[in-house]
Amino acid sequence: MLTTRPRGTNDILPGEVEKWHYLEKVCRRVCSDFGYQEIRTPIFEHTELFLRGVGETTDIVEKEMYSFYDRGERSITLRPEGTASTVRAFLENKLYAEPQPTKLYYIGPMFRYDRPQAGRYRQFHQFGIEVFGSNHPSVDAEVIGLACTVLEKLQLTGLKVHINTVGCPQCRPRHLKALVDYFSDKKDKLCKTCQERLNKNPLRILDCKSDICRELAKDAPTTRSSACPSCEVHFTKVLKYLDALGIEYVVDPRLVRGLDYYTHTAFEILVEGIGAQSAICGGGRYDGLIEQCGGKPTPGIGFAMGMERLLLTLETKGIDLSQLLTHPDVYIAAIGEKPQEEAFKLAMELRRKGISTEKDYLDKSLKAQLKAADRLGVKYTLILGDEELKARKIVVKEMAKSEQTEIPIDDIINYLERGLKTND
RNA sequence: GUGGAUGUGGCGAAGUGGUUAACGCACCGGAUUGUGGCUCCGGCAUUCGUGGGUUCAAGUCCCAUCAUCCACCCCA
């Protein structure tokens with residue numbers, strides 16, 4: 001236990017963490033190109049925020065939250081997603097008072113108590129964006145376009161954008177009623193979970209995986225078929241804007257999303273080959289949420305991307321990120337106490353100059369130090385012993401060429417700077 | 001919360017109940033003076049996730065427990 005991490009969490013080790021840096025860099029870069037600014041909110045919030053913001057009947061709230069009482073008897077919850085916190089921050093910091101819309105992004109850990117499996121963890125990481133203050137359909141398309149751009153920059157192609165409209169407060173009740181009407185005489189034929197869904201969340205029957213339910217749901221009223229005229233207009237415009245961007249999509253009438261706050265546009269980006277959890281990105285519009293959280297009626301839209309799933313995807317697509325690994329430029333091998341001392345000082349000096357330098361810390365033999373230098377992949381190994389010290393010189397060995405020369409110690413920085421500049 | 005699979009050194013992986021737990025990789029050291037990548041030699045699990053039990057004898061059988069993986073539910 002002492003040496004075992006909690007279930008569903010991961011250590012991101014050297015060799016792996018470089019990939020995360022790269023992913024984050026791409027996300028930040030694309031966001032900045034699109035005019036989105038980063039926001040960092042707390043990792044925990046008052047539990048009420050998620051009850052209200054995510055929805056009391058969602059699975060997240062009903063069974064997946066990491067909640068606890070702090071020493072002040074306040075109920076605190078580790079954030080299960082990013083939208084609620086972002087909305088809270090938008091309201092609390094009165095960002096609505098600035099020119100609208102507000103375009104934000106976040107990257108960070110989220111927490112859900114769930115059984116781990118491929119692409120699903122209890123602590124996982126999301127990159128997400130939110131736009132508050134515009135219900136313009138081009139924003140819907142832009143948000144999707146941003147997600148696609150990130151994936152493109154990562155050289156991920158062939159991903160499917162699924163899109164649907166889930167309606168608005170006007171047409172949603174109508175649709176729910178139509179659904180219930182449609183299924184009520186077929187109820188006993190539905191699978192057990194769908195029978196429950198009929199009362200609890202009839203929308204979800206539409207994407208049940210059971211063949212029987214699929215068959216039964218084939219002619220069910222879709223959210224689109226029950227959409228009110230304004231929803232339909234919005235949706236067609238979104239599609240038109242997507243066409244304008246040249247983004248390929250599949251209108252998927254069975255796509256519904258699990259969080260209560262979605263309205264109008266809902267979308268997912270799916271990949272094959274990363275296990276059962278195939279959505280690497282999910283999002284949509286939530287025009288009622290900000291009001292729900294105590295703000296003035298303000299439209300909003302966003303998505304979240306699962307970083308672990310992105311990484312899995314990169315892996316299965318065979319996209320090689322190994323060139324991201326960095327290695328030191330210089331290794332200093334020293335023999336003897338006095339040279340070690342000098343090597344220590346020299347290493348520090350080189351590092352301050354921005355020359356990445358490694359040395360021995362275990363009094364290894366020269367042979368072993370050379371071996372270590374080789375494995376680190378340095379360009380130069382400096383060899384320093386009593387003889388060199390006496391002559392105020394240092395041996396510089398260029399590893400790839402197996403050539404070495406003696407350089408006066410005082411010139412070494414210049415020499416290395418020149419040598420490292422030329423190639424790589 | 002439910003179901004299935006797995007659990008031997010840092011990693012991969014042999015091991016039909018019976019003396020000292022293969023092998024490969026990695027790691028460490030050495031092959032005469034202070035020099036890497038190839039080769040050769042040597043070292044590296046009082047112990048088989050943990051705890052019980054069966055047995056003269058268990059890594060090998062049984063039970064429990066924990067963990068991991070995968071799937072369901074749901075979601076990123």
Side-chain angles (χ1 to χ4, degrees), chain A residues 1-10 13 54 57-64 79-83 106-128 147 191-194 196-197 200-201 203-204 207-210 255-259 262 267-271 274-283 302-313 331 333-336 339 360 362 364-389 395-404:
Chain A
M1 230 37 181
L2 192 58
T3 53
T4 320
R5 61 188 188 273
R7 170 160 241 204
T9 63
N10 288 300
L13 301 174
V54 178
T57 62
T58 57
D59 274 25
I60 291 182
V61 168
E62 282 184 352
K63 49 184 206 190
E64 294 174 3
R79 62 180 186 195
E81 56 103 57
T83 301
Y106 58 83
I107 301 178
M110 306 292 164
F111 305 84
R112 293 184 201 171
Y113 188 91
D114 209 350
R115 296 277 305 256
Q117 72 185 71
R120 178 200 286 158
Y121 308 97
R122 289 186 174 178
Q123 176 175 340
F124 61 103
H125 298 77
Q126 286 186 332
F127 153 60
C191 74
K192 214 190 285 172
T193 44
C194 279
E196 280 172 39
R197 285 176 175 142
K200 226 179 86 182
N201 196 353
L203 272 179
R204 295 225 68 96
D207 66 354
C208 179
K209 277 154 194 126
S210 124
L255 172 64
V256 290
R257 313 227 67 243
L259 280 56
Y262 285 110
F267 69 96
E268 280 180 0
I269 301 178
L270 305 175
V271 229
I274 59 167
Q277 309 306 318
S278 56
I280 52 169
C281 177
F303 70 70
M305 232 183 238
M307 303 289 273
E308 283 82 357
R309 289 182 190 179
L310 257 187
L311 245 14
L312 273 176
T313 309
Y331 187 97
I335 318 105
D360 165 65
L362 296 169
K364 284 188 193 164
S365 67
L366 179 63
K367 184 191 178 76
Q369 292 188 55
L370 261 296
K371 201 170 175 176
D374 181 52
R375 256 192 297 243
L376 287 169
V378 297
K379 186 170 182 191
Y380 296 111
T381 299
L382 313 185
I383 300 169
L384 191 62
D386 289 320
E387 288 169 36
E388 286 80 10
L389 218 51
V395 173
V396 178
K397 177 162 187 172
E398 186 167 351
M399 299 301 273
K401 293 185 185 163
S402 278
E403 287 170 4
Q404 62 185 55

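Throughout, protein chains are lettered first and strands after them, A, B, ... in sequence-line order, and every chain is numbered starting at 1.
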message: Considering every strand and a 4.0 Å limit on heavy-atom distances, what is the contact class for A:E81: base, sugar-phosphate, or nothing?
response: nothing
message: Give me the distance, rounded to whole Å, that separates B:G10 from B:A26 when you measure between the C1' atoms they each carry.
response: 7 Å
task: Confirm from the modelled atom types if A:K367 and B:U35 form a donor-acceptor pair under 3.5 Å, side chain to base only.
output: no
field: With A:E387 via side chain to side chain contact (heavy atoms under 4.5 Å, CB included) - residues at least two apart
entry: none
query: What does A:E388 touch in the nucleic acid at a heavy-atom separation under 4.0 angstrom: a base, only the sugar-phosphate, or nothing?
result: base
query: For A:I280, which contact category applies under a 4.0 Å heavy-atom criterion: base, sugar-phosphate, or nothing?
result: sugar-phosphate
field: Residues forming a side chain to side chain contact (heavy atoms under 4.5 Å, CB included) with A:L362, sequence neighbours excluded
entry: A:D360, A:K364
- request: Look at the side-chain N and O atoms of A:Q404 and state whether any lies under 4.0 Å from the OP1 or OP2 oxygen of B:U35.
  value: no
- request: Look at all strands and tell whether A:Y121 reaches a base, only sugar-phosphate, or nothing, counting heavy atoms closer than 4.0 Å.
  value: base
- request: Respond yes when some side-chain nitrogen or oxygen of A:R120 is under 4.0 Å from OP1 or OP2 of B:A71, and no when none is.
  value: no
message: Of the listed nucleotides (B:G29, B:G34, B:G30), which one gets closest to any side-chain atom of A:K364?
response: B:G29
statement: Per atom distances to the A:F124 side chain, the nearest of B:U35, B:A76, B:G29 is B:A76
- request: Determine the contact category for A:A304: base if any of its heavy atoms lies under 4.0 Å from a base atom, sugar-phosphate if only primed atoms, P, OP1 or OP2 are that close, otherwise nothing.
  value: sugar-phosphate
task: Tell me what A:G119 touches on the nucleic acid: a base, only sugar-phosphate, or nothing, going by heavy atoms under 4.0 Å.
output: base
- prompt: Do A:R115 and B:C73 share a donor-acceptor pair, side chain to base, under 3.5 Å?
  reply: no
Nucleotide-level pairing of RNA chain B, given in dot-bracket where Watson-Crick and G-U pairs need both distances under 3.5 Å and | marks other strands: ((((((((.[[[..)..(....]]].(((((.......))))).....[[[[[..)....]]]]])))))))....
query: If you check the A:Q117 side chain, which of B:A71, B:G37, B:G34 turns out closest?
result: B:A71
- prompt: Looking only at N and O atoms, is any donor in the side chain of A:R7 or the base of B:A67 less than 3.5 Å from an acceptor on the other one?
  reply: no
- request: Would you mind classifying the nucleic acid contact of A:A368 as base, sugar-phosphate or nothing, using non-hydrogen atoms under 4.0 angstrom?
  value: sugar-phosphate
